Each structure stands twice: as structure tokens, then as C-alpha cells.
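In what follows, residues are counted from 1 in the order of the sequence shown. Because only heavy atoms are used, hydrogens play no part in the values below, and waters and symmetry mates are left out as well, while side chains stay in. Just so we're clear, the structure is a prediction, and the values are computed from it rather than from any experiment.
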Amino acid sequence: MQTLPYGTWPSPIDAALAAAHDGHPEYVGFVGAETWWTEPRPTEGGRRTLVRRRVDGTQESVLPAPWNVRSRVIEYGGQPWAGALVEGEPLVVFVHFADQRLYRYVPGGEPLPLTPLSPVGGGLRWADPRLVLGRGEVWCVLEEFTGDGPTDVRRVLAAVPLDGSAAQERDAVRELSDGAHRFVTGPRLSPDGRRAAWLAWDHPRMPWDGTELVVADVADGLTGARTVAGGPEESIAQVDWAPDGSLLYASDRTGWWNLYRDGTPLCPREEEFGGPLWKLGHRWFAPLDSGLIAVVHGRGATALGILDPETGEVVDAAGPWTEFAPTLAVHGERVVAVGASPRSAHEVVELDTLPHARTDSRGGAPIGRARVIGAEHDDPVDPAYYPEPQIRTFTGPAGREIHAHVYPPHNPGCVAPGGRPAPYVVWAHGGPTGRAPLVLDLEIAYFTSRGIGVAEVNYGGSTGYGREYRDRLREQWGLVDVEDCAAVALALADEGTADRDRLAVRGGSAGGWTAAASLATTDVYACGTIIYPILDLAAWADGETHDFESRYLESLVGPRAEVPGRYAERSPTEHAERITVPFLLLQGLDDVICPPAQCERFLARMEGRRVPHAYIAFEGEGHGFRRAETMVRVLESELSLYAQVFGIDPPGIPTLELAK
């Protein structure tokens with residue numbers, strides 16, 4: 001055991017290793033009895049491939065580089081593929097990221113385009129597809145740009161012919177809905193095929209504020225559309241049909257996303273059976289043929305369970321997983337999900353529910369065996385180097401609770417000399433309507449294994465703790481998030497866990513905003529890392545972002561017409577003179593959500609102020625870095641910043657040049 005200062009511990013978790021394991025499987029589904037999903041490839045330009053798991057257990061990536069299965073609808077995307085068996089062979093449709101066209105793919109052949117390119121604006125985009133084989137079509141969301149501006153866009157439900165007749169002809173695409181709403185999710189067809197259901201909402205609402213559940217009759221198109229649930233202050237996160245034709249949905253009308261069947265609550269609890277709809281096609285529940293319902297649910301964390309709608313009882317799957325992503329698929333009585341834990345990265349998990357007879361569920365009978373069937377976690381280093389997280393609740397201003405995960409420095413071969421606590425970095429998650437999951441993250445381990453602690457703060461506004469907690473951020477963005485992060489940092493210092501003089505703050509996107517606002521309005525931190533941030537509220541609200549979030553600030557900050565002063569008062573760009581500590585600013589040049597102009601104006605205001613800083617802009621990267629080489633430079637630069645500010649000398653890390 002070596003005695004070395006915090007931040008200098010040698011670690012086998014280098015930046016390249018952390019980058020290679022970034023991202024996780026998403027969008028699980030069945031093609032016949034086979035399980036398919038998308039999976040990241042950081043070392044292949046950050047693309048996402050489609051993985052097929054055959055019935056015999058063998059796996060293959062069915063689409064080689066450069067195919068990239070990823071949608072850009074609402075920029076955050078959504079379900080990018082669908083599949084079915086046709087004459088015993090898989091037929092798959094998918095969205096290719098580079099051109100956003102829908103393609104038809106049969107294994108052994110080449111992908112064939114189903115939709116045309118568009119010369120207007122951002123073109124035609126597609127998401128959340130459903131194969132309707134009886135009509136020879138795929139039904140999905142169409143996002144169509146009508147001009148060059150980010151908000152010159154319309155969204156409708158559309159039917160695309162599977163025979164390729166619309167590959168060059170926009171008029172061959174049938175529009176199914178009337179465009180009455182700004183945003184829609186993909187349609188879900190009832191078991192008898194006579195009705196369709198989907199979610200819709202309009203500006204200035206975000207989907208976690210209020211959505212409408214729309215049902216229509218299926219004819220040649222969709223007729224008689226009517227709202228059957230939801231509204232401006234009720235968020236419905238997902239809708240689907242039960243095998244008996246009843247309508248299932250997750251609504252937060254009680255303050256928690258709970259499940260309902262035709263308006264009747266199935267399992268009223270103060271926990272979430274839904275979440276924020278950042279991507280079209282997120283799925284927190286899936287009905288089984290037996291009438292049972294697979295659910296992803298929890299409070300501050302998520303479990304995979306089986307809900308008996310007749311008794312309201314949920315029995316959770318046994319296993320090491322402590323967090324499940326909002327993706328589910330079912331086939332017969334099989335359930336496939338994506339789970340992770342603090343000791344394992346996200347894996348594709350299958351649960352066989354056959355032993356769970358309804359008559360046994362009242363006694364909490366086991367629900368069958370859960371096992372890993374894809375993306376199986378394989379420790380790339382000795383797991384003794386993984387951090388050991390603590391689930392903590394801190395007290396903030398006015399006595400409010402603040403949820404956080406604390407990752408103390410941890411290395412099996414090193415201890416620090418006594419007398420001085422560890423340096424800590426506070427991580428602010430994005431969204432801000434999001435949550436930091438308690439899962440193995442090698443980026444966190446990159447720091448903790450070197451002797452730098454990390455505290456992930458689920459500040460007020462985070463999801464997973466009910467609507468009241470989520471609404472704490474309403475018109476308080478830049479205040480509550482900053483206060484909560486500072487409260488956690490100072491509490492760690494006060495209790496002797498963290499060094500008061502060696503605290504940093506870090507975040508991306510909305511977390512980048514919180515990091516920058518923290519540096520501008522508090523004296524808590526010695527430095528900060530700001531990643532693809534929002535920095536100028538007025539410019540962002542004036543069209544410097546995409547359509548989905550173009551009115552988001554009305555709930556986060558307040559209607560601009562009513563409180564124009566807040567937009568300048570809270571923007572770090574307007575108060576650059578208040579930032580006196582070193583910072584690292586990281587930005588993707590292809591980012592249309594938080595564009596480089598935000599950083600450029602901020603840096604212009606910092607010019608001549610002689611505050612040490614570095615700005616690194618990455619070509620080919622958008623909102624969320626995906627390329628391995630980018631992530632390597634990000635991690636090494638971030639560590640170098642902390643090393644210089646905290647007065648430590650980690651071995652083997654390139655020195656980041658800080659300009660003044």
C-alpha cells in the first residue's frame with residue numbers, strides 16, 4: 001500500500017479505457033423470437049450499430065460502418081428502428097443518422113431507402129416506427145422542416161410504403177394526422193387494429209409539464225381524433241394497449257407517474273412508473289400476453305418488475321441491477337430490458353415471467369430467472385478500482401432535501417497522508433429535467449481511482465422524486481440548481497470529507513449552465529469544467545436553439561415578456577466579470593442545441609480579464625460527445641485543470657495550456 005497525495009494515485013483506468021466504454025445499449029426490441037437492440041461504437045466515429053441476438057444465443061452487428069442507427073427528430077431522437085418476421089425472415093426498417101432517411105433492411109442484403117431527401121431546411125426526419133405489414137407500410141413520426149430556421153418545422157404521424165415507392169417521392173408518404181399539435185409520439189395500434197393512440201403537446205409546454213393522450217379510429221388514415229386524458233398540467237409519459245383492448249398509460253396526475261387502465265389507477269404509489277420524455281419511444285411499461293405488465297419503476301432509482309393489474313402488486317426481478325433504462329420489449333412471456341449497477345455497466349437483460357402465475361402473485365411468488373443476454377459487463381480492470389458510492393440526502397436552503405450520490409476517492413493500492421481532506425468535483429447532470437443514475441461510470445472511476453472524489457447532485461428539478469421535487473426548478477433555474485450543488489459541496493467540506501479549498505464544479509448542457517452559473521454567483525469552487533453549455537439565455541430564447549426546447553425557458557426562467565430582466569440577470573455571459581477562477585470550456589462545433597455561438601460570446605466577455613482558462617472545440621461533435629478520441633482529450637484536459645488548480649501532479653497526463 002502506497003501513501004501518496006490525493007490526485008496522484010496511479011490508476012489502470014486511463015482516458016482511452018473510459019472512452020471505449022462510454023454509452024450503453026438502447027431501444028431493445030423483438031424480431032420474431034430474436035432480441036435486437038442498438039449499441040454504441042465510440043471507436044468507430046461514435047456511430048450506433050444494430051445488434052441481433054439469434055435464438056441460439058449468437059450475436060452479430062448486422063450493419064457495418066458507416067451505418068449509424070440514430071434519429072434526429074427533436075434533435076434528441078428516439079426509437080430509430082422496428083422489425084418483424086416476413087415469411088420467416090427478419091425485415092427491419094431503421095433511420096440512418098447521416099441523411100435521416102428510413103431504410104429497409106433484410107439480413108444478407110443491402111439497406112434500401114424508403115424515404116426521400118429534402119432540399120428544405122433540416123430535411124425529413126423519422127422516429128418511433130411501427131411496422132403495419134397488413135398495409136405494407138411503416139407508421140411513424142415525420143418531422144419536416146419547412147424553412148431554414150430551427151423552428152420552421154412541423155410534425156405529423158405518417159405512413160411510409162415498404163415497397164420503396166416513396167424513396168424519391170415525398171407525395172407517396174401518407175400523412176395520418178392533421179398536424180394539430182406541435183409534437184407527437186409514434187402511434188400505437190390496438191390489438192384489433194381499429195384504433196390508434198399517441199401523445200401530443202404544444203409550446204410552451206415540455207412533455208413533463210403536460211401532454212394529451214389522443215385516440216383515433218383507423219381507416220385509410222386516422223379519423224375522429226379525440227383527447228381522452230392529459231392536459232396542460234398533467235404529464236402522460238407513455239401509452240400502450242393491453243391485449244384485451246384496454247388503454248394503458250402512465251400519468252402524473254397525483255404528483256407521481258403511476259399506471260392507469262382506462263382511467264383507473266392500477267398501482268397508486270409515491271414512486272415513478274414513467275419519466276421525462278426526452279426521446280420519442282421511451283418505454284417504462286410493456287403489457288404481456290398474460291395480462292401482466294412489465295414495469296420500470298422506483299423512487300430515485302429504478303427496478304424491473306411485473307405488475308399484476310388485478311391486485312396492484314409488483315414483484316421485482318432478482319439480480320444485481322439497481323437501475324433500469326426506459327426501454328422494454330416483450331414477446332410472449334419474455335421481457336427484455338437494459339439494467340446496470342454501481343459494479344456493472346448497462347447490460348441487456350431478459351426475464352422469463354412464466355413461473356409468475358397470477359394466482360401466486362398475491363403471495364409475492366418469484367417471477368422467473370433474469371439473465372444477461374447482451375452487452376454483458378466484462379471488467380476491463382480489477383473491479384477493486386471501481387468507486388464505492390454512497391446514497392446521500394443533504395439539507396439545502398429552507399431545509400429542503402437534496403439527493404446526491406457521493407463517490408469518495410478509492411484505490412486498492414493507495415492511501416493519502418493524513419491532515420488534508422480529498423479534492424472533490426461536483427457533477428451537475430443535464431436536462432435539467434433529468435437524473436444522475438447510480439451506475440458504474442468509468443469516467444467517474446477515472447477520477448476517484450486517482451484520488452479525486454465526485455459528488456453527483458440530483459438537485460431540485462430532477463426527475464425520479466415526484467412532480468413537487470421536479471417543480472422546484474420552475475422559474476428558479478440558475479438559483480435552485482446552483483444552491484443545491486453548493487449546499488452539497490459545502491456540507492462535504494464541513495463534515496471533513498472534502499477539502500474546502502479544492503472544490504470544483506462540472507456539467508454538460510444544462511449542467512454546463514449550472515457549472516458556469518455557479519462560478520459566476522458563488523465563491524464555493526476553485527475551478528470548473530463547462531461542457532456544451534447554455535450561457536446566454538436571451539440569445540437562446542431568441543432562436544439560438546432547436547424547436548423542441550425553444551420555449552423551455554418560459555418554465556425554467558419565466559415568460560420573457562413578463563420577466564425580461566431575469567434573462568440578463570441570470571446569464572453567465574452577462575456577468576463574466578464575476579468569474580475569477582480558472583475554467584475549461586468544451587464544445588462541439590456541430591451542436592445545434594447549445595451552439596458554439598454561446599461559448600464564443602462568453603469568451604469575448606472574458607477577454608482581457610486574465611482569468612486562466614482553456615477552450616477546446618471539436619469538429620464533427622454535436623450535443624453529447626461520442627467519438628473516443630474526443631472523450632480522451634476531454635478527460636485528460638479536465639484532470640489537468642484540476643491538477644494545476646489543486647496543486648497536484650498526476651503521472652502521465654498531458655498538461656492543459658491555460659490562457660489568460
Side-chain angles (χ1 to χ4, degrees), residues 4-11 13-16 18-19 407 409 411 414 416-417 419-428 443-455 485-486 489 492-493 498-508 511-512 514-516 518-520 522-533 572 576-587 599 602-603 606-618 625 630-660:
L4 295 171
Y6 286 118
T8 67
W9 300 347
S11 171
I13 303 173
D14 62 15
Y407 296 83
N411 184 306
C414 295
R420 191 173 188 185
Y424 261 79
V425 184
V426 169
W427 283 29
E443 290 190 17
I444 292 177
Y446 176 79
F447 293 102
T448 57
S449 62
R450 286 169 168 77
I452 297 176
V454 171
C485 287
L492 291 172
D499 187 337
R500 175 65 184 87
D501 296 325
R502 294 190 294 174
L503 296 172
V505 62
R506 179 247 214 208
T514 300
S518 296
L519 297 185
T522 78
D523 61 358
V524 172
Y525 308 101
C527 61
T529 300
I530 305 166
I531 309 171
Y532 38 84
E577 76 283 353
R578 299 177 183 171
I579 296 179
T580 59
V581 299
F583 63 87
L584 170 62
L585 185 58
L586 302 162
Q587 177 67 44
C599 291
F602 175 73
L603 290 170
M606 294 296 303
E607 191 171 351
R609 299 207 51 256
R610 302 189 63 78
V611 174
H613 68 276
Y615 175 53
I616 307 175
F618 298 96
F625 300 145
T630 300
M631 291 181 278
V632 167
R633 191 172 181 199
V634 165
L635 284 173
E636 291 182 342
S637 298
E638 186 178 350
L639 180 56
S640 180
L641 171 72
Y642 304 148
Q644 294 179 58
V645 174
F646 295 160
I648 56 181
D649 186 18
I653 302 301
T655 299
L656 173 71
E657 290 191 18
L658 297 175
K660 290 186 178 180

Note to self: Measuring from atom NE2 of His613 to atom CD of Glu607, what distance do you get when rounded to the nearest 0.5 angstrom?
What the structure shows: 8.5 Å
Next item on the list: May I have the step-by-step check of salt bridge (charged side-chain N to carboxylate O under 4.0 Å, His left out) for Arg506 and Glu638, ending in yes or no?
Entry: CA-CA 9 Å; Arg506 179 247 214 208; Glu638 186 178 350; 3.1 Å; yes
Notebook entry, point to check: Hey, is the main chain of Val524 close enough, under 3.5 Å, to the side chain of Arg500 for a donor-acceptor pair?
Noted result: yes
Next item on the list: With sequence neighbours left out, write down each residue that passes side chain to side chain contact (heavy atoms under 4.5 Å, CB included) with Ala498, or none if nothing qualifies.
Entry: Tyr424, Leu492, Leu503
Next item on the list: For the pair Arg609 (side chain) and Ile579 (backbone), establish whether a donor and an acceptor sit closer than 3.5 Å, ignoring hydrogens and angles.
Entry: yes
Note to self: Could you walk me through whether Val505 and Val425 satisfy the side-chain contact (heavy atoms from CB on, under 4.5 Å) test, starting with their C-alpha distance in whole Å, then the side-chain angles of each, then the deciding distance to 0.1 Å, before giving a yes or no?
What the structure shows: CA-CA 5 Å; Val505 62; Val425 184; over 6 Å; no
Table please: side-chain donor-acceptor pairs of residues 644-660 below 3.5 Å, with sequence neighbours left out.
from: Gln644; atom 1: NE2; to: Ser640; atom 2: OG; distance (Å): 3.1
from: Gln644; atom 1: NE2; to: Leu656; atom 2: O; distance (Å): 2.7

Next item on the list: Would you mind reporting whether Phe447 and Leu635 have side-chain heavy atoms less than 4.5 Å apart?
Entry: yes
Check: Who are the ring-ring contact (aromatic ring centres under 6.0 Å, His included) partners of Trp427, not counting sequence neighbours?
Finding: none
Notebook entry, point to check: Looking at Tyr525 and Ser518, what are the two nearest heavy atoms and their distance?
Noted result: CE1-CB, 3.6 Å
Next item on the list: Answer yes if the ring centres of Phe602 and Phe583 are under 6.0 angstrom apart, and no otherwise.
Entry: yes
Checklist line | Between CD1 on residue Ile13 and CG on residue Asn411, distance to nearest 0.5 Å | finding: 8.5 Å
Item checked: From Ile452 atom CD1 to Leu639 atom CG, the distance as rounded to the nearest 0.5 Å -> 5.0 Å
Checklist line | Test ring-ring contact (aromatic ring centres under 6.0 Å, His included) applied to Tyr407 - qualifying residues, sequence neighbours left out | finding: none
Notebook entry, point to check: Do Cys527 and Pro612 touch side chain to side chain, with heavy atoms closer than 4.5 Å?
Noted result: no
Checklist line | Listed partners of Arg578 passing side chain to side chain donor-acceptor pair (under 3.5 Å), at least two apart | finding: His575
Note to self: Just to verify, what does Ser637 make a side chain to side chain donor-acceptor pair (under 3.5 Å) with, not counting sequence neighbours?
What the structure shows: none
Check: Of all heavy-atom pairs between Ala504 and Tyr642, which one has the smallest distance, and what is that distance?
Finding: CB-CE2, 3.7 Å
Check: Partners of Tyr446 by side chain to side chain donor-acceptor pair (under 3.5 Å), sequence neighbours excluded?
Finding: none
Notebook entry, point to check: Do you know which two heavy atoms are closest between Val611 and Val581, and how far apart they sit?
Noted result: CG1-O, 3.2 Å
Item checked: Listed partners of Ala19 passing side chain to side chain contact (heavy atoms under 4.5 Å, CB included), at least two apart -> Ala628, Met631, Val632
Check: Among all residues two or more places apart in sequence or in another chain, which pass the ring-ring contact (aromatic ring centres under 6.0 Å, His included) test with Phe618?
Finding: Phe625
Note to self: Taking side chain to side chain donor-acceptor pair (under 3.5 Å) as the definition, give me every residue that meets it alongside Ser449, ordered by chain and number, with sequence neighbours left out.
What the structure shows: Ser11
Checklist line | Atom of Ala526, atom of Pro582 and distance for their closest heavy-atom approach | finding: O-CD, 3.5 Å
Margin query: Measuring from atom OG1 of Thr529 to atom CG of Leu519, what distance do you get when rounded to the nearest 0.5 angstrom?
Written below: 9.0 Å
Notebook entry, point to check: Mind checking what makes salt bridge (charged side-chain N to carboxylate O under 4.0 Å, His left out) contact with Glu636, not counting sequence neighbours?
Noted result: none
Checklist line | Which atom of Glu443 lies closest to which atom of Ala18, heavy atoms considered | finding: N-CB, 4.2 Å
Notebook entry, point to check: What's the shortest heavy-atom distance between Pro10 and Cys414, and which atoms?
Noted result: CD-SG, 3.8 Å
Notebook entry, point to check: Who are the salt bridge (charged side-chain N to carboxylate O under 4.0 Å, His left out) partners of Arg502, not counting sequence neighbours?
Noted result: Asp499
Margin query: As an exercise, state the distance from CG of Leu4 to CH2 of Trp9, rounded to the nearest 0.5 Å.
Written below: 9.0 Å
Check: Going from CD1 on Ile616 to CG on Leu584, what distance comes out if it is rounded to the nearest 0.5 angstrom?
Finding: 5.5 Å
